[in-house]
Amino acid sequence: VQGSTFTPNIVFSPTLLAPENSLIYEKYIIPVINSSVPYQVLRPYNRWENQILQLLTHIFSLQEAKETNELGTMQLLLQLWNILFENKDWKSDSDSIHRLNHKQAGLQTMMQYIHDHYMEEITLEMIAAISNANGTSGFEDEVVAAIRPYAEGLGEIKEDRMRNLYIRRKENNGKRPVVQLDAHSDEVGFMVQAICPNGTLRIIQVGGWVNHNIPAHKVLVRNRFGEYIPGITASKPPHFMTEQERKAPLDMKDITVDVGAVSKEEAVEKFGIRIGEPVVPDVTFTYSETTDLMVGKSFDCRLGCAAILKTMHTLAGQDLNVDIVGACAAQEEVGVRGATVTAQVIKPDIAIVFEGCPADDTCVEQYMVQTAIKRGPMLRHIDSRMITNPRYQRYALDLAEKLGIPVQDAVRSAGSTNGAAIHLTEKAVPVIVIGVPVRYAHTHYGISAYADFDNAVKLACEILKRLDEEQIMSF
């Protein structure tokens, strides 16, 4: 998936139009599905084909409406079928029926694939849109805008002045324990600190980076017009370094962003550069179905934001014993600031924090690997700012084992999540962190497995289906 291309399509069973063995089915449907016609290209300059195109357009608009009109859709499909039936020769013979049986087998396989993977495709489109959005800490506007369309229909959506986004499930009744689903919307990046006389930009880190990972990458710099313009993170070329400079660790003051300007005046006047503006990695999301791997930026924690949305969509309409509020919090990378606010607003009784957590399977001894990609989400027992509620943690791990959901558990000696703020809110809130392993978090690129993301959502859904006041109090 790359970008946000979407091809409208309609897939339905013939029995939607009429029951099998009925007169209508035998007279008008069997001749079509038993014919040798494999497909029909619809051309707008042909009268009857254009009529079908218009009907399809009408059907699509009905499906996009907030209140879907099922009867209206059925009427339009019947009109469409009638036009199709009257304007084609649907005579069949034994050879065509034999060919049909082969085609039907293929169609059944395709339909099953669509059924199994439809939500996966929609989810990947959502992850791509949210991952590609630009949003360092404090500048999450574009991310919130990318999340909003995928939250439509879930319930009440609100946004505060810090750019925290709240999604209150429409099935909430205000009389049940409240579960906060948390993730953070910001990403590590930079800010323009000064404009050098030669037109390059001095930057500071926003969030945690390792200096030597920063140079020689494409970035986007927001200018005074609100546009993100391309640049390159740069450091002194080795050709001009002294021996002492080659051996010295790279300092942030020696890293600049080059947008192509040749002077400070040109950077300001032509490129619209000004200090205080955000700088983000210039990376576009990709997914390989062959390897089930996603590559992109800001998986810490845009995968978490997508997990909130998919969890809430999966549970939409289901009768639960808890109220659910999703919160995509700002400014986690600079000290869990957004979650400090969201937890005060939501006042949860219990919480699930989704994270894009650093994978360790390429950088520690094999016996120490606790967060590998393709082995399921990771649930941490401890990090630098939270000891996970041990009863809640064990409940989640045991449930995953019982249901056959692959998970990993880890003991972290460093790092933290929004759980640090949430678990200290008012009621001493039980919190678990369900982390999707991300190789090379806090760099320009991350690598994650879609299956790990999917299993994180599955575990969250199964926990939410079982939570009630008694269970929460037992933690």
Side-chain angles (χ1 to χ4, degrees), residues 1-9 11 109-135 142-143 145-151 183-188 217-220 280-314 328 354-359 361-362 371-378 405-408 434-461:
V1 174
Q2 204 162 1
S4 57
T5 303
F6 176 70
T7 303
N9 61 86
V11 180
T109 302
M110 182 188 74
M111 291 288 288
Q112 186 61 46
Y113 181 87
I114 290 172
H115 179 269
D116 293 341
H117 294 275
Y118 172 73
M119 279 307 297
E120 180 178 314
E121 291 299 321
I122 296 299
T123 303
L124 285 165
E125 178 192 280
M126 174 177 68
I127 293 172
I130 298 172
S131 169
N132 290 340
N134 302 313
E142 194 174 302
V143 187
I147 292 171
R148 274 183 172 274
Y150 297 99
H184 66 88
S185 57
D186 59 322
E187 63 184 305
V188 293
H217 287 286
K218 292 170 65 178
V219 292
L220 295 169
V280 296
D282 183 5
V283 178
T284 301
F285 176 92
T286 61
Y287 171 72
S288 167
E289 189 175 338
T290 304
T291 61
D292 192 42
L293 291 176
M294 305 178 287
V295 178
K297 72 177 182 70
S298 66
F299 286 176
D300 173 15
C301 178
R302 307 288 170 73
L303 290 180
C305 295
I308 289 176
L309 293 166
K310 185 167 185 184
T311 298
M312 296 185 74
H313 277 293
T314 302
C328 297
F354 288 109
E355 253 299 358
C357 55
D361 53 343
T362 62
T371 315
I373 65 170
K374 298 191 175 183
R375 295 186 194 173
M378 181 273 276
I405 300 172
V407 295
Q408 307 169 78
I434 302 180
V436 180
V438 180
R439 283 183 177 173
Y440 319 116
H442 283 220
T443 71
H444 298 265
Y445 299 91
I447 301 174
S448 291
Y450 180 81
D452 293 338
F453 168 87
D454 197 45
N455 283 315
V457 171
K458 286 179 182 176
L459 179 57
C461 288

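Quick note: numbers below take in every heavy atom, side chains included, and nothing from hydrogens, waters or symmetry partners.
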(Q) What verdict does the side chain to side chain contact (heavy atoms under 4.5 Å, CB included) test give for V438 and E355, after you've listed the backbone C-alpha separation in whole Å, the side-chain angles of each residue and the deciding distance to 0.1 Å? (A) CA-CA 9 Å; V438 180; E355 253 299 358; over 6 Å; no
(Q) Once rounded to the nearest 0.5 Å, what's the spacing between atom OG of S298 and atom NE2 of H442? (A) 11.0 Å
Q) Has the side chain of R439 got a donor or acceptor atom that lies under 3.5 Å from a matching backbone atom of P358? A) no
**Q.** Minimum side-chain heavy-atom gap Y450-I127 below 4.5 Å
**A.** yes
Q: Taking the side chain as every heavy atom from C-beta outward, state whether I147 and I308 have any atom pair closer than 4.5 Å.
A: no
Q) Heavy atoms, side chains only, cut-off 4.5 Å: are D186 and V143 in contact? A) no
Q) Roughly how far apart are D361 CG and R375 CZ, rounded to 0.5 Å? A) 6.5 Å
Q. Which atom names give the shortest non-hydrogen contact between D292 and A451, and what distance separates them?
A. OD2-N, 3.0 Å
Q) Between Q408 (side chain) and G376 (backbone), is there a donor-acceptor pair under 3.5 Å? A) yes
Q) Is there side-chain contact between E187 and P281, with heavy atoms separated by less than 4.5 Å? A) yes
**Q.** M294 side chain reached by L124 side chain, heavy atoms, under 4.5 Å
**A.** yes
Q.
Looking at every heavy atom in both V407 and L459, which two are closest together, and how far apart are they?
A. CG1-CD2, 3.9 Å
Q: Identify the heavy atoms of T371 and C357 that sit nearest to each other, and give their distance.
A: CG2-SG, 3.7 Å
Q: With the side chain counted from C-beta on, respond yes when D452 and L303 share a heavy-atom pair under 4.5 Å apart, and no when they do not.
A: no
Q: Side-chain contact test, heavy atoms from C-beta onward, threshold under 4.5 Å: evaluate it for C461 versus V457 and give yes or no.
A: yes
Q) Looking at I130 and C305, what are the two nearest heavy atoms and their distance? A) CG2-CB, 4.4 Å
Q. Is there a side-chain contact between D300 and H184, using heavy atoms and a 4.5 Å cut-off?
A. yes
Q | Which atom of F453 lies closest to which atom of A307, heavy atoms considered | A | CE1-N, 3.5 Å
Q. Can you check whether Y150's main-chain N or O pairs, donor with acceptor, with H313's side chain at less than 3.5 Å?
A. yes
Q. Atom CD1 in I405, atom NZ in K458: separation rounded to 0.5 Å?
A. 7.5 Å
Q) Could you go step by step and tell me if F299 and F285 meet the side chain to side chain contact (heavy atoms under 4.5 Å, CB included) rule? A) CA-CA 10 Å; F299 286 176; F285 176 92; 3.8 Å; yes
Q. Rounded to the nearest 0.5 Å, how far does CG of N134 lie from CD of E142?
A. 4.5 Å
**Q.** Shortest non-hydrogen contact from P406 toward N455
**A.** CG-ND2, 3.4 Å
Q | Donor-acceptor contact present, side-chain K297 to main-chain A133, <3.5 Å | A | yes
